[in-house]
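Report on the following structure.
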Number of protein chains: 2
Amino acid sequence: MRLSNCEDLGSYLRECRREAGLSQADLAARATVSRRWLSDLEAGKPTVEVGLVFKVISALGLFVDCRPAPEPEIGLDAFLDSLGREP
Amino acid sequence: MRLSNCEDLGSYLRECRREAGLSQADLAARATVSRRWLSDLEAGKPTVEVGLVFKVISALGLFVDCRPAPEPEIGLDAFLDSLGREP
DNA sequence: AGGGGTTGTGCACGTACGTGCACACTGGCC
DNA sequence: GGCCAGTGTGCACGTACGTGCACAACCCCT
């Protein structure tokens with residue numbers, strides 16, 4: 001599942017948790033985080049700690065893959081910027 | 001590139017930054033984060049904010065893919081735990 | 001030799017984090 | 001109807017965050 005922001009991440013992890021048949025309390029215990037924090041993560045809070053996110057991902061039996069987007073040689077933001085320019 | 005912790009993430013993003021020919025100051029400006037913070041991210045600090053990490057990933061023209069590991073039906077941690085048990 | 005760029009890191013600052021607790025709400029079950 | 005599990009969220013607490021600034025160290029070039 002391709003993720004580009006915290007909302008995506010939170011929604012995806014909630015979906016995986018439910019598919020695993022776990023409650024927030026269950027997953028929180030497995031990942032050794034608080035249920036309060038997990039609720040924030042699933043709600044898409046952007047300021048949660050990366051280290052805790054990795055723990056949740058691991059506890060759900062998932063892994064993260066990161067690689068270049070199949071875009072032109074120039075930087076993505078420069079490319080999008082050039083698309084966005086007014087004539 | 002498969003990532004399982006903050007050290008992996010930091011090392012991989014530093015490598016991508018260098019391959020893009022950017023300094024920390026350059027990338028920090030593109031991602032609108034501080035160079036001080038970016039230095040911490042690349043060093044593997046686990047408590048950095050996920051939202052800022054997504055900004056850096058995007059600024060480098062990368063994307064994140066998250067999906068189940070090709071493991072047995074049981075949870076990864078239970079599986080690993082069973083492997084680790086003493087006879 | 002010096003100059004410049006890059007990077008790691010400590011400190012100060014103001015803000016916010018993770019956590020525990022508690023409460024309210026919803027839905028399912030009896 | 002009530003009961004229970006699950007979840008969202010505010011608050012208090014102690015700690016630490018992101019940021020700017022500054023400095024030291026290293027490397028490369030002239």
Side-chain angles (χ1 to χ4, degrees), chain A residues 1 3-62 64 66 68 73-78, chain B residues 1 3-62 64 66 68 73-78:
Chain A
M1 164 74 175
L3 306 174
S4 47
N5 57 43
C6 302
E7 284 79 23
D8 289 348
L9 177 67
S11 300
Y12 179 63
L13 293 180
R14 162 174 287 161
E15 183 189 321
C16 291
R17 173 178 63 79
R18 286 173 170 164
E19 284 181 4
L22 299 170
S23 66
Q24 285 185 341
D26 291 333
L27 180 54
R30 283 190 172 203
T32 59
V33 297
S34 72
R35 188 189 70 78
R36 184 68 190 75
W37 178 89
L38 185 56
S39 181
D40 277 342
L41 170 65
E42 292 189 354
K45 190 183 183 197
T47 54
V48 295
E49 292 183 8
V50 172
L52 299 180
V53 175
F54 272 117
K55 288 169 81 178
V56 170
I57 286 170
S58 175
L60 283 168
L62 305 172
V64 174
C66 189
E73 203 66 65
I74 63 173
L76 177 62
D77 52 353
Chain B
M1 163 74 176
L3 306 175
S4 47
N5 58 43
C6 301
E7 284 79 21
D8 288 348
L9 177 65
S11 300
Y12 179 64
L13 293 181
R14 162 174 287 161
E15 183 189 323
C16 292
R17 172 177 64 81
R18 285 173 170 163
E19 284 180 4
L22 298 170
S23 66
Q24 286 186 340
D26 291 334
L27 179 55
R30 283 189 172 204
T32 60
V33 298
S34 72
R35 186 187 74 79
R36 182 70 189 74
W37 177 90
L38 184 57
S39 181
D40 277 342
L41 170 66
E42 291 188 355
K45 191 184 182 196
T47 54
V48 295
E49 293 184 5
V50 173
L52 298 180
V53 175
F54 272 117
K55 289 169 80 177
V56 171
I57 287 172
S58 177
L60 283 168
L62 305 171
V64 174
C66 188
E73 203 66 66
I74 64 174
L76 178 61
D77 51 355

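Every heavy atom of this structure was used, including side-chain atoms; hydrogens, water molecules and symmetry mates were not. Computed from a prediction, not measured in an experiment: that's the story for all the values here. Per chain, numbering begins at 1; letters A, B, ... match sequence-line order.
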Between [atom2] on [N] and [atom1] on [X], what's the gap in Å once rounded to a whole number?
{"X": "A:Arg36", "N": "D:dT7", "atom1": "CZ", "atom2": "C1'", "result": "11 Å"}
{"X": "B:Lys45", "N": "D:dA16", "atom1": "NZ", "atom2": "C1'", "result": "7 Å"}
{"X": "B:Leu52", "N": "C:dT15", "atom1": "CG", "atom2": "C1'", "result": "14 Å"}
{"X": "B:Leu27", "N": "C:dT6", "atom1": "CG", "atom2": "P", "result": "13 Å"}
{"X": "A:Arg18", "N": "D:dG6", "atom1": "CZ", "atom2": "C1'", "result": "9 Å"}

pair [X]-[Y]: side-chain heavy atoms closer than 4.5 Å:
{"X": "A:Arg18", "Y": "A:Glu15", "value": "no"}
{"X": "A:Leu9", "Y": "A:Leu41", "value": "yes"}
{"X": "B:Trp37", "Y": "B:Val56", "value": "yes"}
{"X": "B:Leu62", "Y": "B:Leu13", "value": "yes"}

Under 4.0 Å between a side-chain N or O of [X] and OP1 or OP2 of [N]?
{"X": "B:Gln24", "N": "C:dG8", "result": "yes"}
{"X": "B:Arg14", "N": "C:dT6", "result": "no"}
{"X": "B:Thr47", "N": "D:dC17", "result": "yes"}

Between [options], spot the one nearest the side chain of [X], thanks.
{"X": "A:Val48", "options": "C:dG18, C:dT6, D:dT19", "answer": "C:dG18"}
{"X": "B:Glu49", "options": "C:dG18, D:dG20, D:dC17", "answer": "D:dC17"}
{"X": "B:Arg17", "options": "D:dG20, C:dT7, C:dT19", "answer": "C:dT7"}

### Query
Judged by atom type as modelled, is there a donor-acceptor pair below 3.5 Å linking the side chain of B:Arg35 to the main-chain atoms of B:Ala25?
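No, because the side chain of B:Arg35 does not come within donor-acceptor range (under 3.5 Å) of the backbone of B:Ala25.
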
### Message
Any side-chain to backbone donor/acceptor pair from B:Tyr12 onto A:Cys66? Under 3.5 Å, distance only.
### Response
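Between the backbone of A:Cys66 and the side chain of B:Tyr12 there is a qualifying donor-acceptor contact (under 3.5 Å).
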
### Message
Using a distance-only criterion (donor-acceptor N/O pair, under 3.5 Å, no hydrogens), is the base of D:dG8 paired with the side chain of A:Arg35?
### Response
yes

### Task
Determine, for B:Asp26 against B:Arg30, whether the closest basic-nitrogen to carboxylate-oxygen distance falls under 4.0 angstrom.
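No, B:Asp26 and B:Arg30 are not salt-bridged.
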
### Query
Heavy atom of residues 37-44 of chain A under 4.0 Å from DNA chain D: which residues?
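Per residue number, the list reads A:Ser39.
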
